[in-house]
Protein chains: 2
Amino acid sequence: MPTSHSLYEVFLRVARLASFTAAASSLGYTQSAVSRQIQTLEDEWGTPLFDRLPRGVRLTEAGRILLPHAEAVGERLRTARAELDALRTLGAGRLRIGAISTVDAALLPRALAAFRARHPGVAVTRTEGPSAKHLALLAAGDLDVAVVADTSAEPPGGCTPHHLLDERMYVALPSGHRLAGRTDVRLAELADEEWIAADTRPEETLMHSALAGGFRPRTGFVAADWIAKQGFVAAGLGVTLVPALAASSTRADLALVPLHPDDTPRRRVYAATPRGIAPSPAALAFLALLKEAAAGLAS
Amino acid sequence: MPTSHSLYEVFLRVARLASFTAAASSLGYTQSAVSRQIQTLEDEWGTPLFDRLPRGVRLTEAGRILLPHAEAVGERLRTARAELDALRTLGAGRLRIGAISTVDAALLPRALAAFRARHPGVAVTRTEGPSAKHLALLAAGDLDVAVVADTSAEPPGGCTPHHLLDERMYVALPSGHRLAGRTDVRLAELADEEWIAADTRPEETLMHSALAGGFRPRTGFVAADWIAKQGFVAAGLGVTLVPALAASSTRADLALVPLHPDDTPRRRVYAATPRGIAPSPAALAFLALLKEAAAGLAS
DNA sequence: GCCGACCCATGCGACAAGCGAATGTCTAGC
DNA sequence: GCTAGACATTCGCTTGTCGCATGGGTCGGC
């Protein structure tokens, strides 16, 4: 409720105390102020609300009709205040998260578990998909937080990035591959391989950061799904890139060889929030937990 | 609803139109006024309610929470307005009537019937009893209209009188009484009779206006109820006064002889309303119907 | 790539509303 | 009749609110 009492609060107090003077001192006003506030209210409603008696006031018929409505209004505003307080203290509200699938291995579940434990009142929804789609949803206001990686060189237009971690990249090879035992590998050594990628255009895939070095992969099969990619590689149909976050959840019959650090920059994984508008309390809290989880994974 | 739009109406309009500028022109304000009104509201609630976008505004989480409450408040006030309008046009409200029993013969029923026919929405309650009791109820605010007669000399303190009619008085005699056939009768001729009255003190009874002439009645049996009085008179136990309004509902074995006009002033029957406070619309309408009914009876 | 259109925020001056203090008016009770 | 209590009213003054004009920012067209 507003700190300066509304006309209806004054009305309710006067009705309860049956006196302008008592209501005034009870609300910290002078009697003349209350007198004029009630008069204002009576002008607004076009009818007297109180009978003025020599020993105080009494509700008129019209005032008696208005009374329950004024009480209901006050009650409504009090309820709204309570709900907004709950929102502020993360006892209520909603949080719409979008994330790319590779962060689902450990980063996102960890942050989500912590968030739900601390703020069970917040309704969390989560969507999965590529980075570009989530950034678009974010800009349209249909998402509160997006956890994405810079796959293409696009800067986060319309979004504020919050860096989480840089992850190195691995190459997934069939277990019998000639390079399977290496401690690291250069892209040049893989120039003859066929690559399993999510898109025919390498700019749209995990390869994009490698393109700067002049490397042009030969795209073989196209598979967006993670399981499918692994299947193709295991069957000896090609090789593919694996970000570090997904390394722990690769099938056992694949060999993961780290890419040489000079060949490709680490992939930046970050959370994005809409730019220009203040993140909700829930989004801020979730961001903090994400950074915590990222720090835990990096160590 | 107030003619100057409340902050909540502005809030609702902005939420609906998703634009300060559109809401402003829609409400007859300038954009800056709406901007600052929303800002005031946000200060009051301690949280932003709208995200400012380049192409308008959008509700924040907090605004989305507040929205249904603001709508409910507006709806409540609209309902209250409708009910007060109904009260003004006599489509609702209540009317508490008090009346002495003699007006129940014709005056009150006639007015009541007309009132209920015209204003069926008004809840009418009615109490019966002596004039003094009703005037007290009126002053205490427990009655809207009292239909009374000036039995004792008391002036209507704290009440505004509305004259209805002056009625002449009759003497009720046993049918075999020596004066039963007269066209009128003087009090002096009844000096030896025993009087049936509502009280041992003649000042409190119908006799009071006759006391001014020096007449001192001999009070016999005391009976407040009208049926009882008639019974005593019919049994030859005394005589009693009958006001004109009750004349038509006397039992057939009594003789009614008009009192000589010089002996007693006509009894004033009037409706009283609380003094100093405005009568409700229902009370005013009922007063008018009472006067109509009184005029009809007088003719 | 620059410019104009659109939208919201803000500074400014003017006006009106709201406040407190003091005074007036009415009623009840002694 | 006079005092006490309660609401109405008057008077200055503070405060808030409005309209107008301006500034900052983004989006779309040339």
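Here the structure is a predicted model, which means the values were calculated and not measured. Proteins get letters first, then strands, A, B, ... in listed order; numbering begins at 1 in each.
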Nearest-Å distance, [atom1] ([X]) to [atom2] ([N])?
| X | N | atom1 | atom2 | value |
| --- | --- | --- | --- | --- |
| Tyr29(B) | dG16(D) | OH | P | 17 Å |
| Leu27(B) | dC18(D) | CG | C1' | 14 Å |
| Ile38(B) | dC18(D) | CD1 | P | 11 Å |
| Leu49(B) | dC8(C) | CG | C1' | 15 Å |
| Leu41(B) | dT17(D) | CG | C1' | 15 Å |
| Leu7(B) | dG16(D) | CG | P | 13 Å |
| Asp43(A) | dG18(C) | CG | P | 11 Å |

Does anything in residues 23-43 of chain B form a salt bridge (Lys or Arg N to Asp or Glu O under 4.0 Å)? List the pairs, not counting sequence neighbours. Glu42(B)-Arg52(B)
Not counting sequence neighbours, list each pair that qualifies as a salt bridge (Lys or Arg N to Asp or Glu O under 4.0 Å) and has a residue in residues 128-140 of chain A. Arg126(A)-Glu128(A)
Judged by each residue's nearest nucleotide on DNA chain D, which is more toward the 5′ side, Thr40(B) or Thr21(A)? Thr21(A)
Under the side-chain contact (heavy atoms from CB on, under 4.5 Å) test, residues paired with [X] that sit two or more places apart:
| X | value |
| --- | --- |
| Ala282(B) | Leu90(B), Leu95(B), Phe115(B), Val122(B), Ser280(B) |
| Ala22(B) | Leu17(B), Ser19(B) |
| Ala99(B) | Val103(B), Leu108(B), Val147(B) |

Find which nucleotide of DNA chain C each of Ala18(B) and Val34(A) is nearest to by heavy atoms, and output the residue with the more 5' nucleotide. Ala18(B)
Does the Arg76(A) side chain pair with the main chain of Arg76(B), one donor and one acceptor, at a distance under 3.5 Å? no
Within residues 56-64 of chain A, those residues having any heavy atom closer than 4.0 Å to DNA chain D are Gly56(A), Val57(A)
Please enumerate all residues that pass salt bridge (charged side-chain N to carboxylate O under 4.0 Å, His left out) together with [X], with sequence neighbours excluded.
| X | result |
| --- | --- |
| Asp85(A) | Arg88(A) |
| Arg64(B) | Glu61(B) |
| Arg55(A) | none |
| Glu71(A) | none |

Just the table, please: protein N/O against nucleotides 9-11 of chain C N/O, every pair under 3.5 Å.
residue : atom : partner  : partner atom : Å
dA9(C)  : OP1  : Arg52(B) : NE           : 2.2
dA9(C)  : OP1  : Arg52(B) : NH2          : 3.2
dA9(C)  : OP2  : Ser35(B) : OG           : 2.7
dA9(C)  : N7   : Gln31(B) : NE2          : 3.1
dA9(C)  : N6   : Gln31(B) : OE1          : 3.2
dT10(C) : OP2  : Gln39(B) : NE2          : 3.4

The side chain of Ser19(B) is closest to which nucleotide in this list: dG18(C), dC8(C), dC7(D)? dC8(C)
Between the protein and nucleotides 1-5 of chain D, list every N/O to N/O distance that falls short of 3.5 Å.
none

Would you say a side-chain N or O of Gln37(A) is under 4.0 Å from OP1 or OP2 of dC19(C)? yes
In terms of side-chain heavy atoms, does His69(B) have a donor or acceptor partner in Thr79(A) at a distance below 3.5 Å? no
